[in-house]
K.L.:
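Please read through the structure below; I'll follow up with questions.
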Amino acid sequence: MGWDLLLTGAEVIDVGGGHVGRFDVAVQSGRVAAVAPRLTGDAVRHLDLTGKVITPGLVDLHTHVFAGGGYWGIDPAPIAWRSGVTTWVDAGSSGAYNFPAFRERLSGYQVKVPVLLHVSAIGLTGQEGEARDLKHLDVPAAIATAQANREHIVGIKVRMARGTVGGNALEPLHRAIEVATACQLPVMVHIGDRPPNAEDVVPLLRPGDIITHCASGIAAGPNLLTPQMREAYQRGVAFDIGHGAGSFAFDVLEAQLAAGMPPHSISTDLHSRCVHGPVFDMPTTMAKMLAVGMPLEQVVQAATAGPARLLDLDVGTLAVGSRADLAVFTVVEGRFELVDVHGNRRTSPLRLHNEATYVAGQPLPAVAPEPPPPWVPLTSAQRSAFSHQQQAVRRLLTEPLVDPDGLEEQFPRHGG
């Protein structure tokens, strides 16, 4: 049998699909055609990946990829090809008023971008404050937008933090749940600066709803192991990391792990203010989970099948017939110092170094990093590093690709 792509010799970590160990993976017509310990046959492309690791394409449950659509948005292309993330769930960048513009942009993305529609009709156009004016929390408009765009919209987003809701207390959450209930969708709730307090928010959530920033030191107050949080976890409210620029603390996650409450999903909350640090990308975030003692298989599962299951997405595994979204990594052993958003440090014994990212069986092309927008605050070290990176790319690309010995005559000259 002939395949379009045959990847052999690698260790596969596909917990959701039941493939953990040494497997070959075959792709035909953009779909996973076979996964087995030994696959034979001709292939248009046959890659020996001995010593590498294959995972399903990573699923980032919390990102902001409405590039050009507001304060937080980034283009996923410069990060996707080198990180292994093939599904980027946009968590509330757009609301009913600006979703049509976001929908147009989605058509140009190679990666899959399911959308959590913001209950505020203006989405995340600004840094905060989208729920201070209740006129923006237009329930009928949100319901109509979600119902008319079910091929894109998979949930509802609301931010429950002091700077966002102002004096409206829990009303934005009540309206988000109203929209979600009408559309039979889950709600993702951002917790942050108090009030509202997390212990007041979580009792309103339903099984299948999602708390993002679950290990936030800012939202924690004294701690996030309140009876309300424990009860929510036990009755099926999902906990999502949502690292971001200010929403992840090692000590909070360690306490949750000690209490038997590991996160259901690992996400970056990647946006314009954290893509240059402290988040950087999904493999770095995954390394932070390894640094606090989560096993590699559990970490991969929480970055693939786990988040996919929360939103009922047909991704996150290498099941035969599924779209051939997959990532190839080298597992590098060592001692890798990592930092949370408060400067606390931990050391990971492993890092996943991405070697290739495939969408529908095709490798994503390299895309140069974008400069940060002018409103993003950067340290002098970040600015210097970004400048150095740009110059390194310039030097690399200004040199001829090969020397004269690497060329052949394409149009031979004949006769006199």
Side-chain angles (χ1 to χ4, degrees), residues 2-39 41 43-61 63 76-77 79-89 109-114 265-268 281-283 285-286 296-309 311 313-332 350-367:
W3 317 103
D4 292 336
L5 174 66
L6 180 60
L7 306 176
T8 60
E11 294 293 314
V12 171
I13 305 178
D14 173 24
V15 179
H19 304 110
V20 178
R22 200 298 230 155
F23 288 92
D24 296 341
V25 180
V27 175
Q28 185 70 33
S29 301
R31 299 278 170 178
V32 176
V35 181
R38 290 287 185 273
L39 292 173
V44 176
R45 290 177 293 162
H46 179 189
L47 300 178
D48 181 359
L49 298 180
T50 301
K52 308 298 183 186
V53 167
I54 296 174
T55 73
L58 303 182
V59 180
D60 195 337
L61 193 71
T63 69
I79 304 103
W81 74 276
R82 58 173 176 79
S83 68
V85 180
T86 57
T87 299
W88 296 64
V89 179
Y109 288 161
Q110 289 183 272
V111 293
K112 189 178 182 70
V113 183
S265 62
I266 296 165
S267 70
T268 61
D281 53 36
M282 177 66 100
T285 303
M286 294 167 73
L296 179 59
E297 288 182 17
Q298 184 182 22
V299 169
V300 172
Q301 193 275 340
T304 52
R309 189 177 300 116
L311 295 178
L313 304 176
D314 186 22
V315 295
T317 76
L318 299 178
V320 172
S322 64
R323 192 172 82 157
D325 293 354
L326 54 91
V328 179
F329 295 98
T330 297
V331 178
V332 183
L350 301 174
R351 284 209 65 155
L352 293 174
H353 178 85
N354 182 250
E355 302 288 350
T357 303
Y358 292 83
V359 169
Q362 297 296 319
L364 290 177
V367 179

K.L.:
Without swapping roles, check the side chain of Asn354 against the backbone of Val328 for a donor-acceptor pair under 3.5 Å.
P.N.:
yes
K.L.:
List the steps, then state whether side chain to side chain contact (heavy atoms under 4.5 Å, CB included) holds for Ile79 with Met282.
P.N.:
CA-CA 9 Å; Ile79 304 103; Met282 177 66 100; over 6 Å; no
K.L.:
When rounded to the nearest 0.5 angstrom, what distance separates CG in Asp24 from CG in Asp48?
P.N.:
9.0 Å
K.L.:
Does Val89 offer a backbone N or O that forms a donor-acceptor pair with the side chain of Thr63 under 3.5 Å?
P.N.:
yes
K.L.:
Can you tell if the side chain of Asp281 reaches within under 4.5 Å of the side chain of Thr268, non-hydrogen atoms only?
P.N.:
no
K.L.:
Is Thr357 close to Ser83 at the side-chain level, that is, under 4.5 Å between some pair of heavy atoms?
P.N.:
no
K.L.:
Does any N or O in the side chain of Trp81 come within less than 3.5 Å of the main-chain N or O of Val367, such that one atom is a donor and the other an acceptor?
P.N.:
yes
K.L.:
Could you walk me through whether Val85 and Val111 pass side chain to side chain contact (heavy atoms under 4.5 Å, CB included), step by step?
P.N.:
CA-CA 8 Å; Val85 180; Val111 293; over 6 Å; no
K.L.:
Using 0.5 Å steps for rounding, measure from the CD1 atom of Ile13 to the CG atom of Leu318.
P.N.:
11.0 Å
K.L.:
Taking it one step at a time, do Lys52 and Glu11 satisfy side chain to side chain contact (heavy atoms under 4.5 Å, CB included)?
P.N.:
CA-CA 6 Å; Lys52 308 298 183 186; Glu11 294 293 314; over 6 Å; no
K.L.:
Is there a side-chain contact between Arg323 and Lys112 in this structure, where contact means two heavy atoms from C-beta onward sitting under 4.5 Å apart?
P.N.:
yes
K.L.:
Hey, could you give me the CD/CG distance between Gln301 and Leu296, rounded to the nearest 0.5 Å?
P.N.:
12.0 Å
K.L.:
Do Val15 and Gln298 touch side chain to side chain, with heavy atoms closer than 4.5 Å?
P.N.:
no
K.L.:
If I take atom CD1 from residue Ile54 and atom CG from residue Leu7, how far apart are they, to the nearest 0.5 angstrom?
P.N.:
4.5 Å
K.L.:
Check the pair Leu352 / Val331 against side chain to side chain contact (heavy atoms under 4.5 Å, CB included), numbers first and verdict last.
P.N.:
CA-CA 5 Å; Leu352 293 174; Val331 178; 3.6 Å; yes
K.L.:
Quick check: closest heavy atoms across Val35 and Val32, and the distance to 0.1 Å?
P.N.:
CG2-CG1, 3.7 Å
K.L.:
Are any side-chain N or O atoms of Asp14 and backbone N or O atoms of Thr55, one a donor and one an acceptor, separated by less than 3.5 Å?
P.N.:
no
K.L.:
Gln28 side chain to Asp4 main-chain N or O, any donor-acceptor pair under 3.5 Å?
P.N.:
yes
K.L.:
How close do Pro283 and Arg351 get, heavy atom to heavy atom, and via which atoms?
P.N.:
C-NH2, 4.3 Å
K.L.:
Where do Leu61 and Ser265 come nearest, in terms of heavy atoms and distance?
P.N.:
CD2-OG, 3.2 Å
K.L.:
Can you tell me how far the CG atom of Leu6 sits from the CG atom of Leu47, to the nearest 0.5 Å?
P.N.:
8.5 Å
K.L.:
Which heavy atom in Pro37 sits nearest to a heavy atom in Phe23, and how many Å separate them?
P.N.:
N-CD2, 3.8 Å
K.L.:
What heavy-atom pair brings Ala327 and Gly84 nearest, and what distance separates the two atoms?
P.N.:
CB-CA, 3.7 Å
K.L.:
Looking at every non-hydrogen atom in both residues, tell me the closest pair between Pro114 and Thr87 and how far apart they are.
P.N.:
CD-CG2, 3.7 Å
K.L.:
Just verifying a value: how many Å separate Arg82 CZ and Glu355 CD, rounded to the nearest 0.5 Å?
P.N.:
13.5 Å
K.L.:
Can you name the one residue among Val59, Leu58, Leu313 that meets side chain to side chain contact (heavy atoms under 4.5 Å, CB included) with Pro307?
P.N.:
Val59
